[in-house]
Protein chains: 2
Amino acid sequence: MESNVHKISCPDCRLSDLCLPYGLQQNEVKQLATIVKNKRPTQTDEYLYLQGDAGQNLYAVKSGSFRSFISDANGNEQTIGFYLPGELMGLDALQHGFFTCSIVALETSMVCELPLSRLNELCAEIPGLQNQMLRILGKEIASDHDKILLLGHRSAKERVATFLLMLSRRYASLGFSSTEFNLSMRRQDIANFLGLTIETVSRQFTELSKDGVITVKQRSIQINDMASLKATVKPCLPDQLSFIA
Amino acid sequence: MESNVHKISCPDCRLSDLCLPYGLQQNEVKQLATIVKNKRPTQTDEYLYLQGDAGQNLYAVKSGSFRSFISDANGNEQTIGFYLPGELMGLDALQHGFFTCSIVALETSMVCELPLSRLNELCAEIPGLQNQMLRILGKEIASDHDKILLLGHRSAKERVATFLLMLSRRYASLGFSSTEFNLSMRRQDIANFLGLTIETVSRQFTELSKDGVITVKQRSIQINDMASLKATVKPCLPDQLSFIA
DNA sequence: TCCTTCTGTTGACATAGATCAAGGTATTGT
DNA sequence: ACAATACCTTGATCTATGTCAACAGAAGGA
């Protein structure tokens with residue numbers, strides 16, 4: 001039943017290996033589950049939290065997807081990243097207890113709410129949980145470094161190709177197809193994330209299509225020639241941009 | 001004596017409020033000090049570690065400065081950031097135990113080496129230390145987000161101005177002048193960090209000089225009109241780009 | 001079903017910043 | 001002190017991407 005989706009708890013969650021419970025023992029996962037609050041579904045374009053809000057919680061994506069962004073005084077936005085199931089949002093609030101970016105749902109989505117105070121207590125009790133927190137934080141930092149590399153030194157075509165490979169890899173680790181998927185974000189979101197305009201993104205999609213590398217139909221993407229796509233983003237060592245591996 | 005600089009330990013270190021000991025009690029700082037290994041000075045252009053190395057340690061800058069970068073198959077580099085005294089290097093290795101970037105000294109520098117295994121043990125014992133680790137990690141993430149914003153949506157002039165403000169603020173928090181300082185990095189490093197060419201960086205320095213906003217003489221920088229410099233990087237909310245505050 | 005709105009595509013043109021090239025100024029080593 | 005090298009600046013030109021504009025297809029509401 002649909003209503004049960006809300007209530008699936010960590011020990012039964014198919015995402016547990018991608019999320020905080022990874023590496024924990026069964027009873028430890030149960031302990032973790034006791035502090036998790038399930039929230040009602042978040043609708044498309046609904047904000048999970050806003051930049052500047054007090055950050056008392058972390059949020060794990062249970063289903064759907066989200067976009068994080070920083071906005072400036074003029075209302076201009078810079079998209080910082082996209083979050084898929086199993087990924088943790090709100091880590092930037094660990095610094096001072098305030099979120100430095102806003103999060104909006106790209107589709108109807110579910111999150112698990114993790115109160116930071118309880119999580120801290122639990123980290124002290126469960127060494128494996130503390131380690132997993134550090135691993136996740138390290139991953140976030142490494143992934144942000146990849147984004148800096150992407151924005152600093154890559155052409156429009158490389159950026160678009162990298163973006164697709166990044167998604168492909170994350171869908172694969174969720175057990176979905178790595179070659180066929182639907183984008184949950186608009187062209188505008190992709191463009192903004194990649195530091196490009198929507199026109200440029202659109203043109204790159206068109207070019208990759210004409211070359212037969214991908215098939216694009218609105219939000220649906222099919223990767224026909226993974227090797228070519230990867231070759232587009234060379235010259236990067238495979239294990240550098242973690243998402244190309 | 002010069003040789004004593006090596007041996008200053010956390011309880012006596014003037015950087016302790018910027019570094020890991022912040023917020024700890026005196027006896028806790030002493031405990032932390034027992035796991036810190038002092039290393040011999042790192043010379044200019046010497047590598048602290050290389051991308052791909054096993055990361056068993058974190059490193060805190062005691063004196064001098066460092067540059068971190070990712071290199072690709074062609075030997076091209078993307079500078080990820082610069083590290084000043086009190087800042088922690090190597091956090092990206094928390095993910096899988098391998099460094100995802102390389103670190104090189106920009107001048108003769110000193111670091112404190114913190115074995116991760118010992119640090120983890122200590123975090124379990126000292127709740128304040130675990131909190132401080134999380135704060136530092138959150139800060140790193142927030143600062144990386146600022147870099148993404150910078151590279152994604154800012155003009156050359158805004159990037160250069162932001163870079164100067166970023167340094168100004170960090171020097172100020174170290175107790176140095178916020179308006180007069182020497183750059184420890186070459187133009188090439190600045191350009192690469194900002195996703196620009198050295199020619200463009202040079203031209204922006206020249207323009208800011210002609211406008212009387214700064215005085216540049218090789219590596220020495222003087223900020224004559226802080227308000228103008230900040231106005232250059234508007235439109236960003238002051239508390240968004242944390243380094244402009 | 002039709003109309004409106006939102007989203008994405010394509011083309012023509014403009015421009016910020018890259019590239020190419022030359023010369024100037026510190027710094028280093030002998 | 002001098003030569004050699006590394007670093008930085010400036011000018012001329014080129015190009016990838018942004019901007020402006022028009023249109024086309026999908027989605028949603030009445």
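Here is the naming used below: chain letters follow the sequence lines, and residue numbers restart at 1 for every chain.
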| message | Rounding to an integer number of Å, can you tell me how far A:I190 CD1 sits from C:dT9 C1'? | response | 14 Å
| task | Could you point out which residue of A:F69, A:Y171, A:F193 forms a ring pair (Phe, Tyr, Trp, His ring centres under 6.0 Å) with A:F82? | result | A:F193
| message | Taking only side-chain N and O atoms of B:T197, does any of them lie within less than 4.0 angstrom of OP1 or OP2 on C:dG17? | response | no
| query | Of A:Q204 and B:R187, whose nearest nucleotide on DNA chain D comes first from the 5' end? | reply | B:R187
| request: Whole angstrom is fine here: how far is it from CG in B:D45 over to P in D:dA6? | output: 11 Å
| query | Quick one: A:R154 CZ to D:dA16 P, roughly how many Å, whole number? | reply | 17 Å
| query | Contact class for A:R219 vs. all strands (heavy atom < 4.0 Å): base, sugar-phosphate, or nothing? | reply | sugar-phosphate
| message | Does either side chain, that of B:N57 or that of B:K37, offer a donor lying less than 3.5 Å from an acceptor on the other one? | response | no
| Rounded to the nearest Å, what distance is computed from the CZ atom of residue B:R159 to the P atom of nucleotide C:dA16? | 14 Å
| query | Considering only heavy atoms and no angle criterion, is a donor-acceptor pair shorter than 3.5 Å present between the side chain of B:R203 and the base of C:dT19? | reply | yes
| said: From the set D:dT9, C:dG17, D:dT17, return the single nucleotide nearest to any side-chain atom of B:I198. | reply: D:dT9
| Is any side-chain N of the basic residue among A:R67 and A:E77 closer than 4.0 Å to the acidic one's carboxylate O? | yes
| In whole angstrom, what separates A:E207's CD from C:dT10's C1'? | 12 Å
| message | If you only use heavy atoms from C-beta on, which nucleotide in C:dG17, D:dT10, D:dG18 is closest to the side chain of A:L196? | response | D:dG18
| task | Give a yes/no on whether any side-chain N or O of B:T206 is located under 4.0 angstrom from OP1 or OP2 of D:dT10. | result | yes
| query | Base, sugar-phosphate, or nothing: which does B:E199 touch, judged by heavy atoms less than 4.0 Å apart? | reply | base
| request: For residues B:Y59 and B:Y49, establish whether the separation of their ring centroids is below 6.0 Å. | output: yes
| Residue whose closest nucleotide on DNA chain D lies nearer the 5' end, A:V201 versus A:K217 | A:V201
| Cut-off 3.5 Å, side chains only: do B:E107 and B:S65 have a donor facing an acceptor? | yes
| Length of the line joining B:Q188:CD and C:dT19:C1', which is rounded to integer Å | 14 Å
| message | Please pick, from C:dG17, D:dC8, D:dT17, the nucleotide with the shortest atom-to-atom distance to any side-chain atom of B:R186. | response | D:dC8
| message | Tell me the interatomic distance from A:L208, atom CG, to C:dT9, atom P, rounded to whole angstroms. | response | 12 Å
| task | Whole angstrom is fine here: how far is it from CG in A:L183 over to C1' in C:dT7? | result | 13 Å
| According to a strict under-4.0 Å criterion, is B:T200 in side-chain N/O contact with OP1 or OP2 of C:dA18? | yes
